[in-house]
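Just so you know, ligand 1 is whichever comes first in the structure, and atom 1 is the first atom listed for that ligand. Below, all heavy atoms of this structure are taken into account, side chains as well, without hydrogens, waters or symmetry copies.
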Amino acid sequence: MPGLRVAFTGGSGKVGRHVIKELLHYGHQVINLDLVDLASSSTDMPELKDVHTIKCDLTDSGQVFSSLNTHMKLGEPFSAEPPRPPDAVIHFAGINKPMVVSDGETFRINVMGTHNVVEAACKLGIKKIIIASSITVYGVAFGLGNLEYASFPVTEEADCNPTDPYALSKLCGERIARSYAAKFGVDIYCLRIGRVFEPDEYNSDMFWGYVNEPEKWFQHGWSYADARDLGQMCHRGLAKSDLGFQIFNAVNDTRTNSEGDTNEFLRRLYPHIPHSRKMDEYEAPISNSKIRLLLDFNEQHKWMAYYVARLTRPSVSAGRVE
Ligand SMILES: NC(=O)c1ccc[n+]([C@@H]2O[C@H](COP(=O)([O-])OP(=O)(O)OC[C@H]3O[C@@H](n4cnc5c(N)ncnc54)[C@H](O)[C@@H]3O)[C@@H](O)[C@H]2O)c1
């Protein structure tokens, strides 16, 4: 497919930087809308130095409308062509977990930000919107105590009633997307993203815990999202049109530990939770079947390729106490 003009929100954050890098690799032009400049927050990623950031508070509708009608780069002079909306918007900006700011602010920033981006994009005639949702909408990750999934594998059909303000804001974002997609007849794909790992995070204490203490990591559904593979998912979403409103679990194919077969592993931990089908040997319990089937996602970055087995967690192996 020819490269698209893409407005990306939240590109200066942990995940966005990697996704933008992948989008550039696939030939797209990207402009970043964020409170923070991308180039200065990503000096370790020289590929991003030419991506322009418009500093824009997405909770302000006027700023969003203005910034989505834009040149892709600063020009001196600008080309003769006047500014115009991009071909697509990918919305990742916001608060990425509870307790970063107050609950009400988490809700306001995420829900108003998503509403403003989706409203402006639709009213400016943009036909393709991808938004970052989260597997936390399933309610387990930031639930009170040890909540459980209702069945395995966890699909996009599962009932969602999260009890924390972050996941609730993500669920509201999905409903905003559904409403606008129905009204404007556009494609809005919501990615329910799993815990994202940057390339240098596979040897963190958290991943060591995933592999060696899997019973303690039910909250992420024994599933993860590689930041680069998430970039591919966004590219695939740009490439596939006319699906209308869609929700996709956005995780990698493989379970985050390799202890036995997935079906047996889950039955040992949760004998009372039903299985709706037999899962593959190492299949992630949060199912990515839909994104593989409808968007042709093809995983490139399995965790096993990067993880180094150790007897103790990395901070202990390195003599650090954390
Ligand atoms: N990190 C994960 O593991 C994970 C998992 C699931 C979903 N997500 C979702 O992916 C997205 C990116 O997450 P992240 O971890 O990169 O978060 P992050 O906090 O690192 O980055 C978020 C970016 O959004 C920007 N931002 C915040 N409020 C804004 C506003 N009002 N206007 C403009 N920009 C604003 C920030 O400046 C920042 O650059 C979020 O929507 C998050 O909910 C992340």
Under 3.5 Å between some N or O of ligand 1 and some N or O of Phe92?
yes
Against Tyr202, only a single residue in Phe207, Tyr210, Trp303 fulfils ring-ring contact (aromatic ring centres under 6.0 Å, His included); can you say which?
Phe207
Among all the protein's non-hydrogen atoms, which is closest to atom 5 (C) of ligand 1, and how far away is it?
Gly194 O, 3.4 Å
How would you list all residue pairs meeting side-chain hydrogen bond (donor to acceptor under 3.5 Å, both in side chains) that involve residues 107-123, not counting sequence neighbours?
His91-Thr114, Glu105-Arg108, Asn110-Ser169, His115-Tyr180, Glu119-Lys123
Can an N or O of Gly13 be found at a distance shorter than 3.5 Å from an N or O of ligand 1?
yes
State plainly whether the residues Arg228 and Glu198 are in salt-bridge range, i.e. N to O under 4.0 Å.
no
What is the closest protein heavy atom to atom 20 (O) of ligand 1, and at what distance does it sit?
Lys14 N, 2.9 Å
Measure from NZ or CZ of Arg192 to the centre of the six-membered ring of Phe248, then state whether that distance is under 6.0 Å and the direction lies within 45° of the axis.
no
Would you say Lys170 has any N or O atom under 3.5 Å from an N or O of ligand 1, going by distance alone?
yes
Nitrogen or oxygen of Leu58 less than 3.5 angstrom from that of ligand 1:
yes
Top protein contact for atom 33 (C) of ligand 1, by heavy-atom distance
Cys56 O, 3.1 Å
Using heavy atoms and a 4.0 Å limit, tell me yes or no: is Ala225 in contact with ligand 1?
no
Answer whether the closest heavy-atom distance between the side chains of Val6 and Leu238 falls below 4.5 Å.
yes
Name the option, out of Ile109, Val36, Asp34, that contains the heavy atom nearest to atom 39 (O) of ligand 1.
Asp34
Enumerate the residue pairs fulfilling ring-ring contact (aromatic ring centres under 6.0 Å, His included) with a member in residues 27-67, sequence neighbours excluded, ordered by first and then second residue.
His28-His235
Does any N or O of ligand 1 fall below 3.5 Å from an N or O anywhere on Arg195, backbone included?
no
Does Arg192 come within less than 4.0 angstrom of ligand 1, counting non-hydrogen atoms of the residue?
no
Does a side-chain N-to-carboxylate-O contact under 4.0 Å join Arg195 and Glu201?
yes
